[in-house]
There are 2 protein chains.
Amino acid sequence: MNAQIGGNPVMLKQMNKSQILQVLFKKSPLTKADVATQTQLTFVTVSNLITELQNDGFVREMGLAVSTGGRKPLLYGINPDAFVFAGIEVQVERLVCVLTDFENRVLNSRIVAVDSLEGPVFVARKSREIVVEMLEESNLSMDLLARVSVSTPGPIDREQGVIVSPPNMPNWRNVPFRDMIQAEFSVPCDLEKDANAAALGESRYGAGRGVENLIYIIVDVGIGGGIVLGGEVYRGQLNGAGEVGHTLIDLNGPLCNCGSHGCLESMASKSAIERELSGPFGNELVFEELIQRTDDKRVRESLLRSGTYLGAALANLGNIFNPEMIILGGELATGCTLYFERAEAIARRRMLPHFVHRVQIKPAELGKLSGAIGAATIAWQTMVQSLTF
Amino acid sequence: MNAQIGGNPVMLKQMNKSQILQVLFKKSPLTKADVATQTQLTFVTVSNLITELQNDGFVREMGLAVSTGGRKPLLYGINPDAFVFAGIEVQVERLVCVLTDFENRVLNSRIVAVDSLEGPVFVARKSREIVVEMLEESNLSMDLLARVSVSTPGPIDREQGVIVSPPNMPNWRNVPFRDMIQAEFSVPCDLEKDANAAALGESRYGAGRGVENLIYIIVDVGIGGGIVLGGEVYRGQLNGAGEVGHTLIDLNGPLCNCGSHGCLESMASKSAIERELSGPFGNELVFEELIQRTDDKRVRESLLRSGTYLGAALANLGNIFNPEMIILGGELATGCTLYFERAEAIARRRMLPHFVHRVQIKPAELGKLSGAIGAATIAWQTMVQSLTF
DNA sequence: CTGCTTATTATAAGTATTTTAAAAAGACCT
DNA sequence: AGGTCTTTTTAAAATACTTATAATAAGCAG
């Protein structure tokens, strides 16, 4: 998560400050000497910079460490109260919002039914209302809000901050949502694709804490993927990377709505299972209940079959990326053990033997908040990287 | 391809120098003012640093640019004669060696039959002999040799510089080849997996010049892959990334020697085609000739079938990585139009419509030298990043 | 409790680098 | 030849890190 390289002495100082903040963020209570070791800077430099960061409110003292024979060293950590970040996930029928502090811990969260059909202007205004509400509830001043980030269905143009053409939000074509949010909140904003945001969220605060390379798969109506390599989102050429759902599993499989045949999405997603079981069960049951009916043979078989397909895709991802972890999100993966375990079993069977014992396959931990938390994380990252201290 | 971040003023200077060299490398004849613009440094700084780099022989003057109304500016570029790098690819039955200059252009190359069964010690000595021979032939002093890099079959332990367990080189288990080469040449050395090296080589000097994100697939007896993201090799957790050959294409396909079923490698590789055609043709023909017999229906069908499988895999890679380019290497892909074109056609048919027109699919351009050139590139990169000027 | 040892923190002088500002050099035009 | 514009060099000023030194605080022993 590095940014600038080279420059002038002022830049150097800010790079060093950024370094220090990142080290303090990762392993909080540290002495100045610890930070010096970790950042490869001299003690004096670290001492001066930390003092400065402390005076500016970014860093706080955290008590004394035990003595190792001399004076007790002071411990330092990020001052969580320095800033507040907001992460907002725009979904078709609702808004998921979180407030995080400068340690990027969740202070408050809210899931509100908001119909995206009301349009971007409405949604932007509503977003602000929700955030303001949360700030008030948590007794926080609006002034503390440093950045906002938005997680949204793709495709997006990240550089321009534009939502391009979300398939299920027809009236959101080419919407400059970043600027709209910036206008609404009067703070900088970034856009990120929902799967990417969720992947980053899980990688920092969910199942993937401490992991460098991971793949996050969200199984829902469709199947999406977010790729985190070296701790950062990999986005590809046009923010398009991660379309795992349109990975081919069966050359002669059914037609997918992308135009190809045998895509994972058409064979292992929520919709695929619903379609398969709509015959026997009709509209009798909602999906959440349906997937619990594992005593029913047809349900069982359907879940196992789609789990198998997913597993094969996971094996492919494992072999291609050789990641430390694969995380599965969505109610199907996190709520249905039968499905998850089959997918994991197949994945392990089909992955290269050399890799199998070094990859973890886990359900997501942040549930519905993962995208919003990921967005807030991006706000944090951008802030710390921007070096404006 | 950034490395260090932050530090002290000396470091800052070296980062700036490195920056300048990289800019100069990318778009050679540039004025000091151009470099200043591109590096975001002031003119004076750039001027001083370039003068220093010039005095040390890393940079050279390259004539005068046209006047824009005042004094003619001097043009500068990398001094190709500053260093020589050697790239060595260890294959089962031969050594491929190249010599490159500080602009990383190939000065000399050699492909020598060397049986790896003779063992690492022999191969290391032989490598040195070949390099020395090439240096003499090109009238270059050994002192100019700055670094050597080795491309080798995986898996490897890059950090330790150890070749771990190459499947087709049984007497090369856990060989500390990096240190052996360093001892032999008395210059630093790096190891890289063959597919990764080839991918990097193609990305810098072959089909992928100027491309940020690309996937390189080598179709031979097996099928391997090298992944270059953001201009750098992506290696995954254990240098294991890129096992595209063991990507599943057909859930119920034939058993692969990796233990899984329906892997790409077992269905689209040279071996797969040879196996398929060994019935009709026996040992009558060598492979190179066999794949030219496209008038024969059985050959044709075999090639088209495997091309289809490969194409499906390419579509998957395109959807997962959204790269600017996919490069196909190996004699089958570069020498057999029927196979290549089928693969491309299928890939384009099955890739997401949004991506199709933004991805190039190209045959490799460096042929047998790609791995060695890639290795030399790594030597260059490491040198420039190490900031020891 | 005092003095000694050790480790942490603060201060001050020294060194390296970039920046700003100004002067010099070179090219083109009239 | 003189004027104007651009490039290049030079010198002083600003900034930041480093080294060396001094001050502070904690623990321990007598």
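Everything quoted here is computed from the prediction, not taken from an experiment. Both backbone and side-chain heavy atoms feed into the values below; hydrogens, waters and symmetry mates do not. Convention: sequence-line order gives letters A, B, ...; per-chain numbering from 1.
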Problem - Nearest-nucleotide pick for A:Asn48, side chain only, options being C:dC28, C:dT11, D:dT15 - result: C:dT11

Exercise for the section: State which of D:dA16, C:dT18, D:dA26 makes the closest approach to the side chain of A:Lys72. Expected result: D:dA26

Exercise for the section: Describe the nucleic acid contact of A:Val44 in one word from base, sugar-phosphate, nothing, applying a heavy-atom distance below 4.0 Å. Expected result: base

Practice task
Identify whether any heavy atom of A:Leu74 sits under 4.0 Å from a base atom; if not, whether one sits that close to sugar-phosphate; answer base, sugar-phosphate or nothing.
Solution key: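 If one applies the 4.0 Å heavy-atom cut-off, A:Leu74 turns out to touch the sugar-phosphate alone, with no base involved.
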
For a quick test of reading the model: is some side-chain N or O of [X] closer than 4.0 Å to OP1 or OP2 of [N]?
X	N	answer
B:Lys32	D:dT8	no
B:Asn16	C:dT18	yes
B:Thr45	C:dT17	no
B:Lys13	C:dT17	yes
B:Thr68	D:dC5	no
A:Ser47	C:dA10	yes

d([atom1], [X]; [atom2], [N]) in whole Å:
X	N	atom1	atom2	result
A:Leu64	D:dA26	CG	P	7 Å
A:Glu52	D:dT15	CD	C1'	12 Å
A:Leu53	D:dA16	CG	C1'	15 Å
A:Met15	D:dT15	CE	P	17 Å
B:Ile50	C:dT18	CD1	C1'	16 Å
B:Met11	D:dT18	CE	P	10 Å
A:Leu75	C:dA7	CG	C1'	14 Å
B:Phe43	D:dT9	CZ	P	7 Å

Check: [Y] and [X] side chains under 4.5 Å, non-hydrogen atoms:
X	Y	result
A:Leu214	A:Glu202	no
B:Tyr205	B:Val106	no
B:Glu103	B:Ser28	yes

Practice task
Verify the ring-centre separation between B:Phe58 and B:Phe83: is it less than 6.0 angstrom?
Solution key: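 For B:Phe83 and B:Phe58, the ring centres are under 6.0 Å apart.
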
Exercise for the section: Before accepting this row, confirm whether a basic side-chain N of the pair A:Asp190/A:Arg147 lies closer than 4.0 Å to the acidic partner's carboxylate O. Expected result: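 Answer for the salt bridge query: yes.
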
Exercise for the section: Look at the side chain of A:Arg71 and the base of C:dT8, then say whether one donor and one acceptor between them are separated by less than 3.5 Å. Expected result: yes

Problem - 5'-most by nearest nucleotide on DNA chain C - B:Gly70 or A:Thr51 - result: A:Thr51

